[in-house]
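Just so you know, these numbers use all the heavy atoms, side chains as well, and skip hydrogens, waters and symmetry mates. Because the structure is a prediction, the values reported are computed rather than measured.
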Amino acid sequence: MDYVLIMAGGIGSRFWPKSRLKRPKQFLSFFDGEPSLLKSTVDRILSLIPAERIIISTNSDYVGLVKEELPEIPDENIIGEPVAKNTAPCIAFAAALIHHRDPDSNMVVLPSDHYIRQNDIFLDDISVALNTLQSQEDQLITLGVIPNRPETGYGYIQYDDRNSVKLDGHIAYPVKTFAEKPDMQTAIKFLQSGDFLWNSGMFIWKTRSILKEIETHLPVLYHQVHTLMQHLEQNDGSIADDVLKTVYESSFPVSVDYGIMEKSESVIVIPSNFHWSDLGSWMSVYEIHKNRGDQDGNIINAGESLTVNSQNCFVSSDTNKLIALVGLQGIGVIETDDSMLICKLDRSQEVKEVYEKLSESRKKYL
């Protein structure tokens, strides 16, 4: 059977002051009338995989928020991570749980905080990947988004365009390399080369295949996975909190890209053409909602506002204050009851540094 893991454990530091420790980015809606990012992710996949086979992995502090946001997800499908250890342990322990339920299972891995338009194209690509596993069980499949601009905020996947693979009417390629977020000059070269895709962080594989790869490339992590699998077998598929705490705390933090995907020889990528953003900054929120802007490109999500000689600005406010912009270009203003952020949108990645400074001396604002 097909299962999906949705990773929902981040803190969303680049989206301060909206994203807070008590309710981080994945539990937020970034425009009136839209569901939260997490709920959007679940709704997007529900037509393909039912709620009883959707696993949510999140910080243990957010289990209550997940239950509140997603009452359709069974409690036993919510994994509360006692400590953040990056994506490889998160995926490994979820794979162990799914594999215990069905040793022949397929597993789709999705981040909880991405924005996707054209759901039909997205679901078609996921379906193609799942169908491929029926005949090519050992493959680790990832979706790579076809880039339309040089982008420094995304990782990249380079594929071997000389050895294409036909998958159910789609074309896929063996992966040559995974590249970290580049500088602008390198991003331009990637785009010009024609064989680079944006790394979406979405994966499709059989649980037994990813567990085998973990055993090969991350043997220490696999030891912890094996401990968890033994516990599942002895306790009718349930996980005791103390056991989960022990295996997580004993695990080394590593991303699945670095720990597995860059080392495996069984990785193929499907070039995907749906509209996608990993929502890494306030600038990305602005770009997604450009069609809601006024004649000057300003996007206002606030009760009262006016603009004078201002262009391409973004305002989001939870208060009823009148907000006026005069003579500004490319500025973001994000206001909550107790905080306000004012930044250049093209530098909004640096909001993470504000979060770090607050962590040192003003934790009440986190």
Side-chain angles (χ1 to χ4, degrees), residues 4-14 24-26 37 41 55-59 62 79 81-98 107-114 129 139-145 151-159 175-183 186-187 190 196-205 207 209-225 228 244 247-269 276-281 349 352 356:
V4 61
L5 165 67
I6 297 176
M7 299 182 291
I11 58 173
S13 57
R14 290 184 179 87
K25 167 186 173 184
Q26 60 270 29
L37 296 177
T41 305
I55 309 296
I56 309 292
S57 186
T58 189
N59 187 293
Y62 304 146
I79 301 173
E81 299 175 304
V83 59
K85 291 286 185 173
N86 214 318
T87 54
C90 170
I91 288 169
F93 297 137
L97 175 63
I98 294 169
M107 180 180 182
V108 179
V109 179
L110 302 175
S112 64
D113 54 359
H114 289 184
Q139 295 291 348
L140 307 182
I141 304 173
T142 185
L143 303 186
V145 178
E151 174 59 62
T152 61
Y154 299 155
Y156 285 74
I157 298 171
Q158 185 183 27
Y159 60 88
V175 169
K176 289 171 67 174
T177 59
F178 285 80
E180 298 296 322
K181 297 176 182 178
D183 58 29
T186 304
F190 285 173
F196 278 85
L197 305 167
W198 288 334
N199 184 357
S200 73
M202 300 182 226
F203 310 104
I204 306 94
W205 45 51
T207 53
S209 298
I210 190 62
L211 290 171
K212 182 179 178 181
E213 295 277 358
I214 291 168
E215 183 177 16
T216 300
H217 301 294
L218 296 172
V220 176
L221 175 58
Y222 186 78
H223 176 74
Q224 302 303 327
V225 171
L228 184 63
L244 193 63
V247 295
Y248 260 92
E249 290 183 345
S250 302
S251 300
F252 184 77
V254 60
S255 72
V256 72
D257 286 34
Y258 180 78
I260 301 295
M261 304 300 281
E262 293 182 9
K263 300 172 182 177
S264 173
E265 297 180 357
S266 302
V267 182
I268 59 175
V269 60
W276 170 86
S277 171
D278 77 346
L279 285 185
S281 68
Q349 291 271 357
K352 184 178 181 180
E356 291 169 354

- Query: Got I204 and L143 here, is their nearest side-chain heavy-atom distance under 4.5 Å?
  - Reply: yes

### Query
Is there a side-chain contact between Q224 and F93, using heavy atoms and a 4.5 Å cut-off?
yes

When every non-hydrogen atom of A92 is compared with those of I214, the smallest separation belongs to CB-CD1, 3.5 Å

**Item:** Flag side-chain contact, heavy atom, 4.5 Å: Q139 against S209
**Value:** no

Exercise. Please step through side-chain contact (heavy atoms from CB on, under 4.5 Å) for the pair H114 and D278, ending with a clear verdict.
Key: CA-CA 4 Å; H114 289 184; D278 77 346; 3.5 Å; yes

Rounded to the nearest 0.5 Å, the CD atom of E180 sits from the OH atom of Y258 at a distance of 10.0 Å

Between the CG atom in L5 and the SG atom in C90, the distance rounded to the nearest 0.5 Å is 5.0 Å

Rounded to the nearest 0.5 Å, the CD atom of Q26 sits from the CG atom of N59 at a distance of 9.0 Å

To the nearest 0.5 Å, atom CH2 of W205 lies from atom CG of L211 at 10.0 Å

Query raised in the report: After noting the C-alpha distance and the side-chain angles of L279 and R14, does the key distance pass the side-chain contact (heavy atoms from CB on, under 4.5 Å) rule?
Result: CA-CA 10 Å; L279 285 185; R14 290 184 179 87; over 6 Å; no

Counting only N and O atoms by type, is there a donor-acceptor contact under 3.5 Å from the side chain of T152 to the main-chain atoms of P182? no

Between the side chain of S281 and the main-chain N/O of Q349, is any donor-acceptor distance below 3.5 Å? no

Exercise. Just by distance, do the side chain of Y156 and the backbone of E151 share a donor-acceptor pair under 3.5 Å?
Worked result: yes

When every non-hydrogen atom of V269 is compared with those of G144, the smallest separation belongs to CG2-N, 3.4 Å

Given the options V109, L110, V108, M202 meets side chain to side chain contact (heavy atoms under 4.5 Å, CB included) only with L110

Pairwise side-chain contact, M261 with V175, heavy-atom cut-off 4.5 Å (strictly under)
no

(message) Looking at K212, I'd like to know if its NZ atom is crowded, meaning that more than 12 non-hydrogen atoms belonging to other residues, nucleotides or ligands lie closer than 6.0 Å.
(response) no

Heavy atoms of L228 and A96 approach each other most closely as CD2-CB, 4.2 Å

Item checked: Criterion side-chain contact (heavy atoms from CB on, under 4.5 Å) on F203 and D257, from CA distance to verdict -> CA-CA 10 Å; F203 310 104; D257 286 34; 3.4 Å; yes

Taking every heavy atom of S251 against every heavy atom of L221, the minimum-distance pair comes out as OG-CD1, 3.8 Å

Got a donor-acceptor contact below 3.5 angstrom from the T58 side chain to the A8 backbone? yes

Side-chain donor or acceptor of S200 paired with backbone N/O of V145 under 3.5 Å = no

Hey, does S277 have a side-chain heavy atom less than 4.5 Å from the side chain of Y154? yes

Separation between CZ (F190) and CD1 (I157), nearest 0.5 Å, reads 11.5 Å

Rounded to the nearest 0.5 Å, the CD atom of E262 sits from the NE2 atom of H217 at a distance of 11.5 Å

Tell me whether E356 at atom CD has more than 12 heavy atoms from other residues, nucleotides or ligands lying less than 6.0 Å away. yes

Of all heavy-atom pairs linking S13 and K352, the shortest is OG-CG, 3.5 Å

Can you tell me if E213 and S264 form a side-chain donor-acceptor pair at under 3.5 Å?
-> yes

| query | Given N86 and V254, is the side-chain contact (heavy atoms from CB on, under 4.5 Å) satisfied, shown in steps? | reply | CA-CA 5 Å; N86 214 318; V254 60; 5.6 Å; no

Heavy atoms of I91 and I210 approach each other most closely as CG2-CG1, 4.5 Å

